[in-house]
Amino acid sequence: MYIKDIMSKSLVIGSITNNLTEIATLMKKYDIGFLPISDQKKIIGVITDRDIIVNALSNNCSQNDIVDKYIVRNIISINQDEKIENAIKLMGEKKVRRLIVTNNNKISGILSLADILPIKDYTDLINDNLQRIFEINRNDDLFKTEIDEFYL
């Protein structure tokens with residue numbers, strides 16, 4: 001099976017001139033957590049709902065801050081004619097849950113892990129890559145807490 005068979009083709013694209021409130025409003029309206037960001041007709045980055053929370057809010061952003069300060073410019077893409085297996089492996093390698101899908105160097109869709117999960121044929125391959133996709137890089141010494149310090 002190929003990426004083009006299951007990718008999301010209805011795209012919502014944000015603009016580099018949008019502020020964080022406008023981006024969050026688009027995400028809420030369309031119930032999505034990932035937006036490609038364009039400058040004119042070129043996709044220059046992506047932003048997720050997590051980027052807004054973790055990167056923007058933790059840096060004391062203003063809701064009127066332009067999205068440009070918080071987008072991820074390392075766009076990870078895959079051709080729509082690739083097999084789904086290749087997308088799963090790329091997601092694992094790059095530790096992402098969504099890929100920009102292209103056709104002749106133009107964006108043609110988005111492929112998310114949620115698009116693949118219902119397809120039983122890929123269960124084993126997904127399971128092999130899930131740990132890599134969701135791996136967190138952190139200094140565990142900063143998060144040590146004695147469990148008996150907290151009450152319910």
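Here the structure is a predicted model, which is why all the values come from computation and not from measurement.
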Student: May I ask you to test the Asn79-Ile3 pair for a side-chain heavy-atom distance under 4.5 Å?
Tutor: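 Side-chain contact under 4.5 Å: no.
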Student: Val72 versus Ile47: any side-chain heavy-atom pair under 4.5 Å?
Tutor: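 Counting from C-beta outward, Val72 and Ile47 never come under 4.5 Å.
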Student: Within a strict 4.5 Å, meaning less than it, do heavy atoms of the Ile52 and Leu20 side chains meet?
Tutor: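 Touching, per the 4.5 Å side-chain cut-off.
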Student: Is Pro36 close to Ile110 at the side-chain level, that is, under 4.5 Å between some pair of heavy atoms?
Tutor: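 Contact flag for Ile110/Pro36 side chains = yes.
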Student: Can you tell me how far CD1 of Ile37 sits from CG of Asn18, rounded to the nearest 0.5 angstrom?
Tutor: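 So the gap between those two atoms works out to 6.5 Å.
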Student: For the residue pair Thr17 and Val67, establish whether any side-chain heavy-atom pair is separated by less than 4.5 Å.
Tutor: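 Counting from C-beta outward, Thr17 and Val67 never come under 4.5 Å.
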Student: To the nearest 0.5 Å, what is the distance between OG on Ser108 and CE on Met7?
Tutor: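 Here the rounded value is 3.5 Å.
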Student: Which value, rounded to the nearest 0.5 Å, describes the distance between Met27 atom CE and Leu35 atom CG?
Tutor: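 Those atoms lie 4.5 Å apart.
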Student: If you define the side chain from C-beta out and look only at heavy atoms, does anything of Asp121 sit under 4.5 Å from Met1?
Tutor: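 When only atoms from C-beta onward are counted, Met1 and Asp121 do not touch, as no gap falls below 4.5 Å.
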Student: Ignoring hydrogens and geometry beyond distance, is a side-chain donor-acceptor pair present between Tyr2 and Asp81 at under 3.5 Å?
Tutor: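 Side-chain D/A pair, Tyr2 to Asp81: absent.
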Student: Rounded to the nearest 0.5 Å, how far does CD1 of Ile88 lie from CD of Glu93?
Tutor: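 Rounded to the nearest 0.5 Å, the CD-CD1 separation comes to 14.0 Å.
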Student: Is it true that Thr48 and Asp51 share a donor-acceptor pair across their side chains at a distance under 3.5 Å?
Tutor: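 Judged by distance alone, the side chains do pair up.
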Student: Which of these passes side chain to side chain contact (heavy atoms under 4.5 Å, CB included) with Ile76: Val46, Ile100, Leu99?
Tutor: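 It is Leu99; the other options fail the test.
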Student: Indicate yes or no: at least one non-hydrogen side-chain atom of Arg50 is less than 4.5 angstrom from one of Ile53.
Tutor: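 Sidechains of Ile53 and Arg50: no contact.
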Student: Quick check: do Lys89 and Met91 have side-chain heavy atoms less than 4.5 Å from each other?
Tutor: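 Answer no - side chains too far apart.
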